[in-house]
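So the structure is just underneath, and the comments pick up after that.
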Amino acid sequence: MAEGSVKERLGVLCSGRGTDLQSIIDAIARGEVEAEIAVVLADKPEAYALERARQASIKAVCVDRKQYEGREPFEEALIGELEAAGVTLVVLAGFMRILTPVFVHHYAGRILNIHPALLPSFPGAHAHRDVLAYGVKVSGCTVHFVDEGTDSGPIILQAAVPVLDDDTEETLGARVLEQEHIIYPRAIQLYCEGRLRVEGRHVRILEGKN
Ligand code: GAR
């Protein structure tokens with residue numbers, strides 16, 4: 001975002017408890033992310049992320065996946081809500097649905113995701129389980145642009161944590177989550193400052209604000 005220009009309007013998509021969402025809400029409140037959350041969407045009514053949004057006086061809407069037959073009508077509904085809220089950047093924060101190329105093209109280059117592993121290792125919905133089963137000694141988290149693949153878009157930021165011998169999915173998940181709450185707001189702010197330049201698979205981080 002250039003100085004003096006309009007703030008990015010974030011649409012945050014969640015499926016669950018929403019701690020990543022909370023980290024973004026808190027970073028905005030501290031002035032560390034210069035953006036506005038225009039709407040929070042969840043794909044199920046019980047997602048606690050909706051409650052977190054309401055507590056922060058942010059518009060919260062459930063687009064209940066169960067109410068739609070097929071992915072395309074569901075995504076059309078998501079796009080409808082995002083457009084109605086004037087969203088300029090889509091932020092996936094624990095959103096456990098694969099988006100079709102229709103959605104990805106609609107917001108090409110304007111969708112971020114956080115994944116709880118060091119991509120390209122351990123993509124998919126069970127990263128911590130897969131990490132522990134494989135026996136790696138280091139894991140972490142990855143913020144990336146979303147492309148048409150699963151967890152395959154250009155990488156913006158990563159953070160690493162040790163995997164301990166006695167880790168469970170819960171203990172490892174908690175250690176990774178601490179890092180998620182640092183790097184996701186940071187990556188969003190870099191986007192908002194116009195400092196991310198995508199060159200093929202590479203995301204260059206430009207010096208200073210642009
Ligand atoms: C986070 O660990 C996030 O990286 C992960 O879900 C969790 C959401 O936590 N996302 C994925 O696995 C996406 N494939 P939260 O609901 O507390 O933010």
Side-chain angles (χ1 to χ4, degrees), residues 10-29 33 35 37 39-56 58 60-65 71 74-75 78 89-100 103-104 107 111-134 136 138-163 167-188:
L10 313 184
V12 185
L13 274 57
C14 306
S15 296
R17 65 198 159 170
T19 67
D20 282 330
L21 165 68
Q22 190 68 54
S23 74
I24 300 163
I25 292 172
D26 294 346
I28 291 173
V33 173
I37 301 180
V39 68
V40 170
L41 302 181
D43 61 342
K44 46 179 83 127
E46 66 272 22
Y48 188 66
L50 292 168
E51 180 57 28
R52 290 181 189 270
R54 291 186 190 115
Q55 281 175 12
I58 296 166
V61 179
C62 177
V63 180
D64 190 348
R65 177 66 182 82
R71 286 204 286 181
F74 169 64
E75 291 187 358
L78 289 178
L89 177 66
V90 177
V91 175
L92 308 182
F95 186 65
M96 303 307 280
R97 304 253 168 218
I98 306 288
L99 294 164
T100 72
F103 187 100
V104 173
Y107 288 102
I111 312 174
L112 306 184
N113 182 43
I114 189 156
H115 181 73
L118 292 175
L119 293 171
S121 294
F122 309 110
H126 305 286
H128 301 312
R129 188 181 74 189
D130 297 343
V131 160
L132 293 174
Y134 201 93
V136 293
V138 176
S139 189
C141 49
T142 304
V143 181
H144 63 93
F145 284 104
V146 172
D147 65 9
E148 290 179 17
T150 302
D151 301 324
S152 58
I155 290 170
I156 302 168
L157 291 178
Q158 293 185 301
V161 303
V163 180
D167 262 336
T168 62
E169 287 184 48
E170 288 68 33
T171 58
L172 175 60
R175 193 175 309 118
V176 170
L177 211 49
E178 274 181 35
Q179 298 304 313
E180 294 188 33
H181 297 164
I182 296 168
I183 69 167
Y184 212 5
R186 192 174 287 161
I188 293 166

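Remember, it's 1-based here, ligands and their atoms both numbered in the order they're listed.
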Side chain R17, main chain G94, donor-acceptor under 3.5 Å: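 Flag not set: sc R17 to bb G94 has no pair under 3.5 Å.
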Polar side-chain atom of R65 near backbone of F74 as donor-acceptor pair, under 3.5 Å: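 Pair absent, no side-chain N/O of R65 close to backbone of F74.
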T19-ligand 1 polar pair, N/O distance under 3.5 Å: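 Such a contact does occur with ligand 1.
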Can you pull out the closest protein heavy atom to [atom]? Residue, atom name and distance to 0.1 Å, please.
atom	answer
atom 13 (C) of ligand 1	M96 SD, 3.7 Å
atom 9 (O) of ligand 1	R17 NH2, 3.3 Å
atom 18 (O) of ligand 1	D20 N, 2.8 Å
atom 3 (C) of ligand 1	E180 OE1, 3.3 Å
atom 16 (O) of ligand 1	G18 N, 2.8 Å
atom 8 (C) of ligand 1	G94 CA, 3.6 Å
atom 12 (O) of ligand 1	P116 CD, 3.5 Å

Stepwise side-chain contact (heavy atoms from CB on, under 4.5 Å) test for Y134 and V163: CA-CA 11 Å; Y134 201 93; V163 180; over 6 Å; no
L177 and ligand 1 - part of the residue with a heavy-atom distance under 4.0 Å: side chain
Side chain, backbone, both or neither: Q22 near ligand 1, heavy atoms under 4.0 Å: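 No part of Q22 is near ligand 1 at this cut-off.
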F95 vs S15 side-chain heavy atoms within contact, under 4.5 Å: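 Yes, close enough: below the 4.5 Å cut-off.
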Atom pair [atom1]/[atom2] of [X] and [Y] - distance to nearest 0.5 Å:
X	Y	atom1	atom2	value
L92	R97	CG	CZ	13.0 Å
L13	F103	CG	CZ	5.5 Å
T19	I24	OG1	CD1	9.5 Å

